[in-house]
Amino acid sequence: MPLARVDLESLLRTRRLDRTLTTALPPLDPRDDAACAPSGVFSLDARLGGGFPRGQLSEVVGPRSSGRTSVMLQLVAAATGRGELVALVDALDMFDVESAAAAGIDLDRLLWIRGHVVSNPGMCRDTNQRALEQAIRAFTLVLHAGNFGVVVFDAAEAPADAIRRLPFTTWLRLQRIVEGSQTTCLLVGAEPMARSSAGLTLRLRPEGSRASERVGIEDLGRGIRFGKCLFEGLTIDGRVVRARVREREEATVAFSTVAADCA
Amino acid sequence: MPSPSNPQSPTPNPFGKPLYACLYRPPALDHSAASASTLVDIAQQFSPRYERHRDDLVSIDVTGLGHLLGPAPVIGEELQRDATSRGLHPHIAIGGTRMAAMLVALARPGLTVIECGGEAEALAPITVGLLATIDFQVSTFSAERSELRLETLQRWGLRTLGELAALPPADLVARLGRQALTWQAMARGEDIRPLVPTLEEERFESSLDLEWPIEGLEPLSFVLTRLLEPLSTRLERRDRGAAVLHVVLRLVTRQEYARRLQLPSPLRDVRTLRTLALLDLESHPPDAAIDRVAVIIDPTPGRVLQHTLFTRAHPTPEQLSTLVARLGALMGHDRFGAPAVVDTYRPGAFAMTAFATEHKPDTRKSEVRSLKSEGEDTSDFRLQTSDFSRVVSALRRCRQPVPARVAMADGRPVRVTTDRRGFAGGAVTRCAGPWRSSGNWWNTATGKSEVGSLKPESPSVSLTPVSLTPVSQTSDFRLQTSRAWARDEWDVALNDGAVYRIVQDRVTEAWFIDAIVD
């Protein structure tokens with residue numbers, strides 16, 4: 001007597017073989033407040049619908065000095081403030097502890113994993129590529145451990161070609177691990193790397209800057225605030241990109257950063 | 001000789017009835033810490049059932065020794081002979097109850113044998129104050145301790161245990177409470193609780209001699225599982241966890257290769273222990289094949305957990321221990337941990353501390369604000385920046401500062417260029433500075449101020465090796481370098497939109513890109 005579909009699904013569920021690349025645990029209810037990790041930036045959380053979604057891969061991307069690291073530290077500070085444990089995979093070892101302390105991060109709750117980076121690889125051009133792959137493995141280990149509130153993969157200064165050389169299945173596999181969990185997974189980079197279906201991409205840039213256009217010095221200066229003799233902060237424009245089933249939703253957000261000396 | 005057919009004759013040791021011996025070593029000038037173990041050593045020679053009350057007081061259940069040694073006086077003489085051979089002269093008493101033997105041993109020197117059924121008579125002349133020297137629980141299952149009201153008894157004119165035992169129980173209880181019955185029972189030589197044997201420190205170790213030498217971790221994994229499973233079961237029965245795991249390998253070269261793992265929290269899960277041991281051996285592999293594997297566990301009381309429903313779950317200590325071990329094997333034990341700020345003005349200084357495997361749950365209510373926008377409004381609009389939260393501009397440190405060439409005009413940088421890939425540089429659109437900082441110039445042996453140069457190869461970091469150690473309350477960090485520094489800092493915005501923190505070493509006048517504002 002052939003097995004009914006229900007019997008087969010029950011058998012697979014018993015043997016824990018009910019999950020494949022094309023199936024997933026049910027995602028968290030987006031209407032649930034606990035389904036998002038607030039970043040602590042009011043304007044940003046309002047645009048994000050409460051915060052970065054849990055159980056999804058999200059991204060914060062943008063050029064250099066666009067506020068990516070500031071947003072990431074703010075998210076981590078909010079998470080540690082809620083009592084969550086946070087892991088930061090610092091692929092290129094550029095994390096500044098003083099900035100983290102100024103942002104209000106509870107450093108005892110932060111697991112910082114520092115990648116091995118060679119400043120001048122010279123002929124050994126694959127050295128930093130191997131460092132990036134090692135960081136991905138560390139990232140995978142942390143996600144497998146589970147129950148971290150936020151896990152950040154920081155490859156903001158990694159060369160674009162090094163990111164592209166990573167196998168495309170890398171992000172699928174990471175997405176698979178984090179789905180259905182309470183972990184907010186954040187990728188920080190210069191360009192979009194990967195985003196799960198219910199995740200979001202936050203594109204940042206200094207106010208006034210326009211990508212791929214020749215702009216004058218005055219336009220670039222608007223987003224960067226200097227006082228009489230002190231750097232005061234950045235004014236950031238952000239665009240939230242979220243993929244839905246039938247529509248592509250985008251929204252913009254603006255906020256300012258304050259230099260630690262002025263805070 | 002004892003005669004079961006003649007019950008009228010005194011039989012100090014009728015076979016089958018309980019018999020107890022008590023050893024008491026009176027305080028002496030040369031009393032040393034070894035005396036406690038010596039009394040226990042004497043007791044172990046005669047019976048496995050003994051109780052160590054104090055360092056100088058041991059009770060032994062010698063019931064049944066009559067079959068081996070003879071009547072009670074013979075048993076007492078054997079005890080005395082054994083003690084003498086060890087250089088001791090304890091008081092020894094043997095009686096039908098443990099309490100009677102103990103009180104007599106406390107009161108009388110030498111060897112005393114109490115006749116069976118004559119406990120009360122033997123205790124009668126003993127001073128009542130001796131009861132105050134015995135610290136007994138009222139009952140086996142209660143931690144309540146009864147304080148003898150010796151002053152009251154002495155005020156009543158009672159001097160001996162016999163006088164206390166002769167008092168009417170009801171009147172005694174009416175005046176002193178129910179605990180007086182306990183004292184009266186003790187005065188009559190009755191046991192108020194059974195003997196609780198002192199258990200030897202149990203050793204949790206297991207070993208296996210292999211028929212064929214093994215190489216590699218995969219076959220070792222099966223051996224470790226086989227050794228750890230019974231140990232884990234024994235730990236569970238004793239409500240213990242493993243605090244330290246020792247793996248001792250005997251190699252084919254006849255050398256012993258030992259690894260010691262200090263576990264951050266009590267563990268007894270076989271899989272976790274095996275994984276930790278294998279990860280450690282993967283990082284520190286033996287030089288030769290293995291023909292004997294031994295596992296020794298130092299036990300510790302199990303961890304008591306109080307689960308909650310209202311706080312977010314953290315990774316368990318077992319998960320974190322395994323993660324820490326895997327990260328150590330992958331990245332190196334000095335490449336991860338919890339960061340800490342250090343008390344210095346040196347820019348970029350930090351310390352690495354061990355990441356705790358146990359974190360107290362945060363009982364503060366999480367401030368989850370529902371900020372979902374009403375409806376699906378996707379129009380492009382801009383919100384005013386608010387002061388609800390201050391987003392601090394963060395730096396991205398170049399752990400190895402990037403050498404740069406800076407063109408100056410009127411004392412201000414106008415152009416920054418580098419040869420490093422990814423740092424093209426450009427014209428300076430805005431700048432702020434210089435901000436001069438220096439430090440550690442006082443750390444010189446000659447007392448003269450010497451300013452060290454900023455070298456790209458000397459990052460201002462401290463590296464504390466991270467091991468599987470319990471996290472102490474105070475972090476242990478130290479600066480690896482205390483060299484002096486003197487530099488001028490500038491914050492510059494370039495025409496490519498990037499904002500950098502550049503520094504000039506005032507000794508070498510070399511320029512570097514120290515950080516990126518992001």
Side-chain angles (χ1 to χ4, degrees), chain A residues 33 38 40-43 45-46 49-50 63-65 68-70 73-74 82-85 93-94 96-99 101-103 107-114 119 137-138 141 145-147 206 209 217 220-221 224 226 229-231 233-234 249 251-260 263, chain B residues 311-315 319-320 322-323 326-327 330-331 335-341 348 350 355-356 359 361-362 364 366 368-373 378 380-383 385-386 388-400 422 429-430 432 456 491 493 495 497-499 515-518:
Chain A
D33 283 343
V41 184
F42 181 77
S43 57
D45 289 338
R64 202 171 275 172
S65 303
R68 303 163 299 181
T69 309
S70 305
L73 291 186
Q74 194 67 30
R82 290 190 298 269
E84 300 173 6
L85 296 186
D93 195 15
M94 299 191 78
D96 182 45
V97 179
E98 290 178 345
S99 299
L107 297 177
D108 290 335
R109 294 180 181 270
L110 173 63
L111 173 61
W112 177 26
I113 302 166
R114 303 168 56 195
S119 304
R137 285 198 290 272
L141 286 177
N147 282 333
S209 66
I217 295 177
L220 284 175
I224 302 169
F226 276 81
C229 53
L230 202 64
F231 168 71
L234 304 171
E249 175 186 334
T252 58
V253 61
F255 56 91
S256 293
T257 67
V258 180
Chain B
T311 57
R312 187 173 295 280
H314 285 163
Q319 289 174 321
L320 283 177
T322 306
L323 174 64
R326 290 185 190 278
L327 287 175
L330 175 67
M331 311 289 292
R335 301 302 297 182
F336 65 95
V341 292
F350 66 93
F355 186 71
H359 294 264
D362 194 353
R364 291 173 296 177
S366 59
V368 177
R369 304 169 64 181
S370 180
L371 299 173
K372 297 180 178 53
S373 54
T378 58
D380 190 359
F381 68 96
R382 179 167 297 176
L383 293 176
T385 56
S386 71
F388 285 90
S389 62
R390 303 177 71 85
V391 182
V392 178
S393 286
L395 297 179
R396 302 184 67 84
R397 287 282 172 189
C398 297
R399 212 63 69 192
Q400 307 281 346
T429 57
R430 295 184 189 177
D491 289 332
N495 57 356
V499 181
I516 305 167
V517 178
D518 189 20

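These values consider heavy atoms only, across backbone and side chains, with no hydrogens, waters or symmetry-generated copies. A, B, ... follow the sequence lines: proteins, then strands. Residue 1 opens every chain. Model, not experiment: these values are computed from the prediction.
- Note that the CD1 atom of B/I516 and the CG atom of A/D96 stand 11.5 Å from one another [nearest 0.5 Å].
- Residues B/R399 and A/M94 come closest through the heavy atom pair NH2-C, 3.7 Å.
- In this structure, CZ on B/F355 lies 7.5 Å from CG on A/L110, to the nearest 0.5 angstrom.
- A salt bridge links B/R335 to A/D93: at least one charged side-chain nitrogen sits closer than 4.0 Å to a carboxylate oxygen.
- To the nearest 0.5 angstrom, A/S65 atom OG is 6.0 Å from B/D518 atom CG.
- Contact of A/L111 with chain B is made through backbone and side chain together, with heavy-atom distances under 4.5 Å.
- Proximity to chain B (any heavy atom under 4.5 Å) is shown, for A/A102, by both the backbone and the side chain.
- The two residues B/P315 and A/L85 come nearest to each other via the heavy atoms CD-CD1, 3.5 Å.
- Of the two parts of B/L323, only the side chain, counted from C-beta on, holds a non-hydrogen atom closer than 4.5 Å to a non-hydrogen atom of chain A.
- To the nearest 0.5 angstrom, B/R397 atom CZ is 6.5 Å from A/S99 atom OG.
- Side-chain atoms of A/S70 never come within 3.5 Å of backbone atoms of B/V391 as a donor-acceptor pair (strictly under, hydrogens ignored).
- B/R430 places a side-chain N or O within 3.5 Å of a backbone atom of A/I224 that can act as its donor or acceptor partner.
- Ranked by heavy-atom pairs under 4.5 Å with chain A, the first of B/P339, B/C398, B/G422, B/A338 is B/P339.
- Atom CZ of A/R137 sits about 9.0 Å away from atom CE of B/M331, to the nearest 0.5 Å.
- Rounding to the nearest 0.5 Å places CZ of B/F336 at 10.5 Å from CG of A/L141.
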A/I113/B/L327 under side chain to side chain contact (heavy atoms under 4.5 Å, CB included): CA gap, chis, key distance, verdict: CA-CA 8 Å; A/I113 302 166; B/L327 287 175; 3.7 Å; yes
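- In this structure, B/V499 and A/F231 approach most closely via the heavy-atom pair CG1-CE1, 4.1 Å.
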